[in-house]
Amino acid sequence: MTESIIDTATGLTDLLRTYLRRFTSAANAYDGSIRHAGALEELLADYSRFVTNPGNEASFRLFAAAAETGEVVEQLRTQSARCVAVIEKYRALRLLEGTAGAQGYFANIESCITEEFGAVAPRKDSKVLLVGSGSFPMTLLNVAALTGASTLGIHIDAESIDLGRRVVAQLGEGLDIALDGRSIHELDFIAEATHIVISSTVSVKYELLHQMHGLTREDVVVAMRFGDGLKSLFNYPMQEVDPALWRLAETIRRPEQVFDIALYVKQRPSRKDV
């Protein structure tokens, strides 16, 4: 569908409206079975290729500068995020039924998980929190398996928590992985976390970051997944943070991945000579 570069704002607008219709239909089609899994996998893999194709950046800038395009972008983020949640459910169900694979969208995500924190990667004594863990908590499985760290994932959807626990029971034997449906304010773990990952499809991630400041330890590192420019069609973009609370320590750009990563650390108070 998107093998050729879209070189006009009008062509891009038409394409994005088509994607929006397809995403909405695919999300609404989820019925607890894997009947529609193949079609959604192809759609998300195609969209992933589209948003990582630098040849589409120029037409996106023209599109973004046009009037009344913001609503389409917001709807695309919402509906594509719904589809990401559904595709994770499909993958979990496939695993539990005896078949699983890492293709298209999943292959794109998995290829950068181990690079999430750059030079401050988790170790065995780390405690890692994932906000928006989904039905197939790949990040937690990878981090726990590679480092032995203690991990916790939280998600607002009860079905995702249930499926995620079943996935962890099957793939994560012996690993320190827990899943929880509570909010960050209700977690004892938040005060112990050394590393926090916030998923790119969490719409309120910067509000959560602000709330986390008073709940977390002073040396916590937060990996905020985000997407700017063309990638903002699939992710919520980077925002300014309160400079009195957080400092952007590093931005990890991944041109071939669907999201980039912003690493935040707590702002240390300046010392004044007495």
Side-chain angles (χ1 to χ4, degrees), residues 1-3 15-52 75-113 130-145 151-173 175 177-181 197 199-203 225 227 233-236 257-259:
M1 180 177 174
T2 58
E3 291 302 318
L15 178 63
L16 294 182
R17 292 190 184 280
T18 299
Y19 271 126
L20 179 57
R21 288 193 297 271
R22 295 181 67 191
F23 281 138
T24 303
S25 176
N28 291 340
Y30 176 69
D31 60 4
S33 75
I34 61 172
R35 288 191 304 142
H36 305 291
L40 183 53
E41 284 174 346
E42 291 180 8
L43 175 58
L44 282 173
D46 186 70
Y47 198 57
S48 297
R49 288 190 295 270
F50 169 71
V51 301
T52 55
Q75 290 176 344
L76 267 170
R77 289 176 190 149
T78 299
Q79 297 305 321
S80 63
R82 289 181 66 203
C83 285
V84 168
V86 170
I87 202 69
E88 290 195 356
K89 291 180 180 181
Y90 285 148
R91 190 185 191 193
L93 290 168
R94 278 181 166 170
L95 173 76
L96 298 171
E97 293 175 5
T99 59
Q103 301 174 356
Y105 170 78
F106 281 114
N108 186 293
I109 297 298
E110 289 175 347
S111 64
C112 67
I113 283 176
L130 172 60
V131 179
S133 52
S135 302
F136 205 107
M138 296 176 295
T139 296
L140 301 183
L141 287 163
N142 276 275
V143 168
T151 66
L152 172 67
I154 60 174
H155 203 87
I156 60 173
D157 178 59
E159 183 183 14
S160 294
I161 291 290
D162 177 64
L163 287 171
R165 285 172 176 164
R166 294 165 65 188
V167 168
V168 168
Q170 185 160 329
L171 297 181
E173 183 177 359
L175 300 179
I177 301 175
L179 297 174
D180 202 305
V197 181
S199 296
S200 65
T201 54
V202 174
S203 61
R225 296 172 176 175
L233 293 171
F234 203 1
N235 308 274
Y236 289 89
Q257 311 297 342
V258 293
F259 60 74

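In this chain, numbering begins with 1 at the start of the sequence shown. Since we're looking at a predicted model, the values are computed, not measured.
A distance of 14.0 Å separates CZ in Arg22 from CD in Gln79, rounded to the nearest 0.5 Å. Rounding to the nearest 0.5 angstrom, the gap separating the OG atom in Ser133 from the CD1 atom in Ile161 is 4.5 Å.
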*Tell me, with the steps shown, if Leu141 and Val167 meet side chain to side chain contact (heavy atoms under 4.5 Å, CB included).*
CA-CA 10 Å; Leu141 287 163; Val167 168; 4.2 Å; yes

*Take His155 and Glu88 through the side chain to side chain contact (heavy atoms under 4.5 Å, CB included) test and state the conclusion after the steps.*
CA-CA 13 Å; His155 203 87; Glu88 290 195 356; 5.7 Å; no

*Can Thr151 and Leu130 be said to form a side chain to side chain contact (heavy atoms under 4.5 Å, CB included), step by step?*
CA-CA 8 Å; Thr151 66; Leu130 172 60; over 6 Å; no

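Residues passing the side chain to side chain contact (heavy atoms under 4.5 Å, CB included) test with Ser80 are Phe23, Tyr47, Phe234, sequence neighbours excluded. Every salt bridge (charged side-chain N to carboxylate O under 4.0 Å, His left out) that Arg35 has, sequence neighbours left out, goes to Asp31. By the side chain to side chain contact (heavy atoms under 4.5 Å, CB included) test, Arg77 is found to be paired with Val73, Glu74, Ser232, Tyr236, Pro237, residues two or more places apart in sequence or in another chain being considered. Asn28 is linked by a side chain to side chain donor-acceptor pair (under 3.5 Å) to Arg82, counting only residues two or more places apart in sequence or in another chain. The side chain to side chain contact (heavy atoms under 4.5 Å, CB included) test applied to Ala85 returns no partner, not counting sequence neighbours. Shown here are the salt bridge (charged side-chain N to carboxylate O under 4.0 Å, His left out) partners of Glu42, two or more places apart in sequence or in another chain: there are none. For Tyr30, the side chain to side chain donor-acceptor pair (under 3.5 Å) criterion is met by Glu159, not counting sequence neighbours. Residues passing the side chain to side chain donor-acceptor pair (under 3.5 Å) test with Arg21, sequence neighbours excluded: Thr18. Every residue was checked against the side chain to side chain contact (heavy atoms under 4.5 Å, CB included) condition with Ile156, not counting sequence neighbours, and none meets it.
For the residue pair Ser199 and Gly132, the shortest heavy atom distance occurs at OG-O, 2.9 Å. Of all the heavy atoms in Gln75 and Leu20, the pair that sits closest is OE1-CD2, 3.1 Å. The heavy-atom pair separating Leu96 from Leu163 by the smallest distance is CD1-CD2, 4.0 Å. Of all heavy-atom pairs spanning Pro137 and Gly164, the tightest one is CD-CA, 4.0 Å. The heavy-atom pair separating Leu40 from Ile87 by the smallest distance is CG-CD1, 3.8 Å. Scanning both residues, Leu233 and Leu76, for their nearest heavy atoms gives O-CB, 4.0 Å.
Other residues, nucleotides and ligands contribute more than 12 heavy atoms inside 6.0 Å of the CD atom of Glu97.
Using a distance-only test at 3.5 Å, with no hydrogens or angles considered, no donor-acceptor pair links the side chain of Thr52 to the main chain of Gln257. Under the 3.5 Å distance criterion, the side-chain polar atoms of Arg165 are matched with a main-chain donor or acceptor of Leu179.
Note on Asp157 versus Lys89: salt bridge recorded, some NZ/NE/NH1/NH2 to OD/OE distance being below 4.0 Å.
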